[in-house]
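Below you'll find the structure, written out as structure tokens, and then a few comments.
We're numbering straight along the sequence, starting at 1.
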Amino acid sequence: MGSHRRLAQSGFDRGACSALSVLSVAAAALGAVSAVPATAAPHDGARAEVDRLYEEAEKATEAYNEADERAGALRRQVGDAQDHIARQQERVNGLRDRLGSLAGAQYRSGGLDPSLALLFSDDPEEYLARASVLDRITARQAGELRELQGALRDLAQERSEAARKLAELEKSRRAVVGHKRTVERKLARARELLNSLPSGERAAYDRASRSDREDLPGLSGSVPASGRAAAALAAVRSALGKPYVWGANGPSGFDCSGLMQWSYAQAGVSLPRTSQAQAHAGRRVPLSQARPGDIVTYRSDASHVGMYVGNGQVIHAPYPGAPVRYDPVGMMPVSSVTRP
């Protein structure tokens, strides 16, 4: 989701309190808009506010993606833990059954004190044979008992860990809900402001969002660096015209990092979900050496991402209302170029 992306950006906390930091940025943005000089063009303040709202919403979207990915991983871990706990409980039950059987055998074989049993035995040799069996049963019972105690300790530990993961999952779930509300609120406000602009102003806004920087190095690379980069490039081109859908990773709609993840998945490469993580999902190269298929992240907090496709262009999912499209690689400050 990029627009007038030349504003300096601060770092972004991707933890559970990201929604609060985004809200504080939004408050500052609204305050800044209210302070637009009276000499400014009538719609300059509205366009600047739309820019800020889109950028803040994109940061919240990446925080949403990260929290949602973590919640999904935790759900899988909790499911695995519950399956393992069920298997461990079956083992404990089996050990208890075997101990019960051994105890019964011990009672039947040695109901009397050993000295009395020998005194009253009609066949001392038979008794001694039974006593030998009893000793073996007792030793086995002791081993089974130790195994049961160990299994019970493991079971209690696994249940405690599962309870901790469930609490963590609930925390991540609340973070997802908070980020979603933040994104929806900012996008609704941005749409409201855009709709308030005359049609000519809206068109000017879209043209301005594609503006290029003039201080970029020469870009000459036109051949993908690998076969998987070529496959990802073909995939991202196939997504041209698809709508921006925040929190989506295809195939019918995308946000910026979702488009990168989906495109490389078509090439058999698993990328992380967020733009911040994608910035580290490979080898860093200078922008001057960018080749088609490289991932370009933007702003100091890497909150936007696109794929370099050659000829100084990237393909990316800009923001709601703007479909997946080509834009100049210098449409906003470049943070890094990564070759998966």
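Distance check: Cys256 SG to Ile315 CD1 gives 14.5 Å after rounding to the nearest 0.5 Å. To the nearest 0.5 angstrom, Phe254 atom CZ is 9.0 Å from Met260 atom CE. Between Ser275 atom OG and His280 atom NE2 the span is 10.0 Å, to the nearest 0.5 Å. Taken from CH2 in Trp262 to OG in Ser257, the straight-line distance is 14.5 Å, to the nearest 0.5 Å. Remark: Tyr308 OH to Arg291 CZ distance equals 11.0 Å, nearest 0.5 Å. The distance from atom OG of Ser335 to atom CD of Gln276, rounded to the nearest 0.5 Å, is 9.5 Å.
Every residue two or more places apart in sequence or in another chain was checked for a side chain to side chain donor-acceptor pair (under 3.5 Å) with Gln157, and none qualifies. Partners of Arg164 by salt bridge (Lys or Arg N to Asp or Glu O under 4.0 Å), not counting sequence neighbours, listed by chain and number: Glu161, Glu168. Shown here are the side-chain contact (heavy atoms from CB on, under 4.5 Å) partners of Arg283, two or more places apart in sequence or in another chain: Val285, Arg339. With sequence neighbours excluded, the residues that form a side-chain contact (heavy atoms from CB on, under 4.5 Å) with Ala248 are Val245. Residues satisfying the side chain to side chain donor-acceptor pair (under 3.5 Å) test with Thr338, not counting sequence neighbours, are none.
Ring centroids of Tyr319 and Trp246 are separated by 6.0 Å or more, keeping the two rings apart.
Residue pairs meeting the salt bridge (charged side-chain N to carboxylate O under 4.0 Å, His left out) criterion with at least one member in residues 229-254, sequence neighbours excluded, do not occur.
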Please lay out, stage by stage, how Val309 and Leu233 fare under the test side-chain contact (heavy atoms from CB on, under 4.5 Å).
CA-CA 7 Å; Val309 294; Leu233 181 64; 3.3 Å; yes

Walk me through whether Asn249 and Arg273 qualify under side-chain contact (heavy atoms from CB on, under 4.5 Å).
CA-CA 9 Å; Asn249 59 350; Arg273 181 63 181 90; 4.1 Å; yes

Apply the test side-chain contact (heavy atoms from CB on, under 4.5 Å) to residues Tyr244 and Val324: give CA-CA distance (whole Å), side-chain angles for both, the deciding distance (0.1 Å), then the verdict.
CA-CA 7 Å; Tyr244 180 100; Val324 174; over 6 Å; no

Check against side-chain contact (heavy atoms from CB on, under 4.5 Å), Met331 and Val314
CA-CA 9 Å; Met331 60 187 171; Val314 294; 3.9 Å; yes

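Considering only heavy atoms from C-beta on, Ser222 stays 4.5 Å or farther from Asn311 through its side chain. When side chains are defined from C-beta on, Val296 does not count as touching Met307, because their heavy atoms never get closer than 4.5 Å. Under the 4.5 Å side-chain criterion, counting only non-hydrogen atoms from C-beta, Thr297 is not in contact with Val337. Side-chain contact between Val236 and Tyr264 is absent, with no heavy-atom pair separated by less than 4.5 Å. Between Val223 and Pro292, every side-chain heavy-atom pair lies at or beyond the 4.5 Å cut-off.
In terms of heavy-atom proximity, Gly306 sits nearest to His316 at CA-CB, 3.8 Å. The nearest pair of heavy atoms linking Gly293 to Pro340 is O-CD, 4.2 Å.
A donor-acceptor contact shorter than 3.5 Å links the side chain of Tyr298 to the backbone of Val329.
Counted within 6.0 Å of CZ on Arg284, heavy atoms from surrounding residues, nucleotides or ligands total more than 12; the atom is thus considered enclosed.
Under the side-chain contact (heavy atoms from CB on, under 4.5 Å) rule, Val305 has a single partner from Gln278, Glu62, Arg299, Gln261, which is Gln278.
For the 3.5 Å distance criterion, the side chains of Asp255 and Asn65 qualify, holding a donor opposite an acceptor.
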